Amino acid sequence: MGIFHPRNHRAIRTREDFAKLPRHVAIIMDGNGRWAKKHKLNVAMGHRQGVETLREIIRHTDDLRIEALTIYAFSTENWNRSREEVAALMQLILDFFRSEIDELDEKNVRILILGEKDVFPEKQRDVLIEAERRTGKNTGLTLNICLNYGGRAELVRAAKSIAQDVKDGALALADVTEQTLSDRLYTANQPDVDLMIRTSGEMRLSNFLLYQCAYAEFLFPKVLWPDFTVQDYDEALLAYGGRERRFGKRL
Ligand code: FPP
């Protein structure tokens, strides 16, 4: 790969360049299909180029020492795409973990898979379980990769787990709080999302991190995900730093 890199030469920022950085960034990597169409390529190539962007964004997030990055790689609805496209995404999942795991582990990145893994083909499932196992004790960036993920399904899962504990007498109904719920999400013990970025100009949440985004700042850069550069990311992070967050209060 590396042929489609219309990268510009703006400087890349370091942690010291930011007055304020988010603790948790979430990204909807949208626009791979449109990018492929624009370049008269098949959609699989759009996703492949999207993975190239992803590698750079993960690296930069780690360099900036941001605590958590959550990326939407495959939603519960994505199974409804054509057989070829789903197959291409499955292959990319394998390729990504096989090629990145050494570097990510070396960088002390902890990988978590958000979503139900059981429905994936065995090869993919094995690679996901192994990535989580291998990096489970790492203490650097937490990289949440949403695969077969849906925000509502995540809430139903948490609600069932609470209901079960109440039914078993392990938890009193009066003790159920927001904390009880957030402790049972895939993102337990992580900070809420501070900044949500969706590329390609679409302005929707699409069932992503519904609970965790309660007070998130949203940015919708128009650029398609394969064209999203580290500099575009820096600009989003700078824009985040300029936002006044009130959390419902009057400051
Ligand atoms: C949205 O673009 C993107 C996706 C549905 C998949 C994103 C997946 C990757 C970048 C690669 C897989 C990830 C890993 C971790 C290996 P779209 O196809 O909906 O774009 P469009 O709206 O222009 O059609």
Side-chain angles (χ1 to χ4, degrees), residues 1 4-5 25-62 68-105 109-115 117 120-121 123-132 134-135 141-151 186 196-209 220-230 232-233:
M1 289 307 290
F4 300 109
H5 271 257
V25 178
I27 306 182
I28 301 180
M29 310 179 285
D30 201 3
N32 296 345
R34 276 162 285 168
W35 184 92
K37 204 167 176 187
K38 199 171 110 185
H39 292 274
K40 300 196 167 44
L41 295 165
N42 65 35
V43 67
M45 287 300 287
H47 292 312
R48 266 183 83 165
Q49 198 58 35
V51 174
E52 294 304 314
T53 300
L54 176 60
R55 286 186 225 276
E56 293 183 22
I57 296 305
I58 294 172
R59 233 172 253 147
H60 196 46
T61 307
D62 179 55
L69 172 66
T70 305
I71 50 139
Y72 210 173
F74 195 91
S75 74
T76 45
E77 287 70 39
N78 286 154
W79 295 108
N80 299 320
R81 295 197 174 187
S82 74
R83 215 151 48 98
E84 295 75 37
E85 186 171 352
V86 171
L89 284 165
M90 290 302 129
Q91 187 58 47
L92 279 175
I93 290 169
L94 275 188
D95 295 348
F96 175 82
F97 282 94
R98 287 177 178 161
S99 69
E100 299 305 296
I101 189 71
D102 287 345
E103 183 184 333
L104 292 172
D105 190 28
V109 173
R110 179 174 65 127
I111 297 172
L112 287 178
I113 307 302
L114 279 50
K117 292 189 281 284
F120 284 97
K123 263 200 243 170
Q124 278 74 10
R125 203 168 54 228
D126 287 352
V127 113
L128 301 177
I129 291 169
E130 174 57 14
E132 282 189 315
R134 184 166 159 192
T135 65
L141 170 71
T142 296
L143 175 61
N144 300 306
I145 304 183
C146 296
L147 288 164
N148 188 35
Y149 173 88
Y186 292 117
M196 160 71 69
I197 299 170
R198 182 175 190 150
T199 55
S200 88
E202 302 293 341
M203 291 189 253
R204 289 188 297 278
L205 195 49
S206 300
N207 202 19
F208 190 40
L209 303 174
F220 301 102
K222 286 216 166 59
V223 56
L224 304 174
W225 177 251
D227 290 333
F228 188 71
T229 61
V230 167
D232 293 327
Y233 188 32

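Note that the coordinates shown come from a computational prediction; the quantities given were computed from them, not determined experimentally. In listed order, ligands and their atoms are each counted from 1.
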Query raised in the report: Listed by chain and number, what are the side chain to side chain donor-acceptor pair (under 3.5 Å) partners of Lys117, not counting sequence neighbours?
Result: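 Residues passing side chain to side chain donor-acceptor pair (under 3.5 Å) with Lys117: Glu132.
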Query raised in the report: Partners of Asp102 by side chain to side chain donor-acceptor pair (under 3.5 Å), sequence neighbours excluded?
Result: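 Here the qualifying residues are Arg134.
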Requested in this report: Take every heavy atom of Ser200, measure it against each atom of ligand 1, and state whether any distance is under 4.0 Å.
Outcome: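 No, Ser200 has no heavy atom closer than 4.0 Å to ligand 1.
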Going by the atom numbers of ligand 1, which of them fall below 4.0 Å from some non-hydrogen atom of [X]?
| X | result |
| --- | --- |
| Leu92 | 16 (C) |
| Ile93 | 16 (C) |
| Leu54 | 15 (C) |
| Arg34 | 21 (P), 22 (O), 23 (O), 24 (O) |
| Asn78 | 5 (C) |
| Val51 | 11 (C) |
| Gly33 | 17 (P), 18 (O), 20 (O), 21 (P), 23 (O), 24 (O) |

Query raised in the report: How are the rings of Trp225 and Phe228 set relative to one another: parallel (under 30°), tilted (30 to 60°) or perpendicular (over 60°)?
Result: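 It falls in the parallel class, under 30°.
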Report task. Classify the angle between the aromatic ring planes of Phe120 and Trp79 as parallel (below 30°), tilted (30 to 60°) or perpendicular (above 60°). Result ->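 Rings of Phe120 and Trp79: tilted, as their planes differ by 30° to 60°.
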Query raised in the report: Is there a nitrogen or oxygen of Trp35 sitting under 3.5 Å from a nitrogen or oxygen of ligand 1?
Result: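 No, there is no polar N/O contact under 3.5 Å.
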Query raised in the report: Do any nitrogen or oxygen atoms of Gly31 come within less than 3.5 Å of a nitrogen or oxygen of ligand 1?
Result: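 Indeed, backbone or side chain, Gly31 has an N or O that close.
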Starting from [atom], find the nearest protein heavy-atom neighbour and note its residue, name and distance.
| atom | value |
| --- | --- |
| atom 3 (C) of ligand 1 | Met29 O, 3.1 Å |
| atom 8 (C) of ligand 1 | Ala73 O, 3.5 Å |
| atom 10 (C) of ligand 1 | Asn32 ND2, 3.5 Å |
| atom 4 (C) of ligand 1 | His47 CE1, 3.8 Å |
| atom 18 (O) of ligand 1 | Arg81 NH1, 2.9 Å |

Query - Separation of Leu94 CG from Leu128 CG (nearest 0.5 Å) - result: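 Leu128 atom CG to Leu94 atom CG measures 8.5 Å (nearest 0.5 Å).
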Query - Residue of the set Phe74, Tyr186, Tyr72 for which ring-ring contact (aromatic ring centres under 6.0 Å, His included) holds with Phe208 - result: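 That would be Tyr72; it is the only one of Phe74, Tyr186, Tyr72 passing the ring-ring contact (aromatic ring centres under 6.0 Å, His included) with Phe208.
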Query raised in the report: Side chain of Thr199, backbone of Asp30: donor and acceptor closer than 3.5 Å?
Result: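 Yes; at least one donor-acceptor contact below 3.5 Å.
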Query raised in the report: So among Ile145, Leu104, Leu92, which one has a side-chain contact (heavy atoms from CB on, under 4.5 Å) with Phe97?
Result: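 So, applying the side-chain contact (heavy atoms from CB on, under 4.5 Å) to Phe97 and each of Ile145, Leu104, Leu92, only Ile145 qualifies.
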Query - Under-4.0 Å heavy-atom contact with ligand 1, by part of Leu147 that carries it - result: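 Neither; no heavy atom under 4.0 Å.
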Requested in this report: Please report the shortest heavy-atom distance between Thr135 and Ile111, naming the atom on each side.
Outcome: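 Result for this residue pair: OG1-N, 2.9 Å.
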Requested in this report: Let me see the working for Glu56 and Tyr233 under side chain to side chain contact (heavy atoms under 4.5 Å, CB included), right down to the final yes or no.
Outcome: CA-CA 10 Å; Glu56 293 183 22; Tyr233 188 32; over 6 Å; no
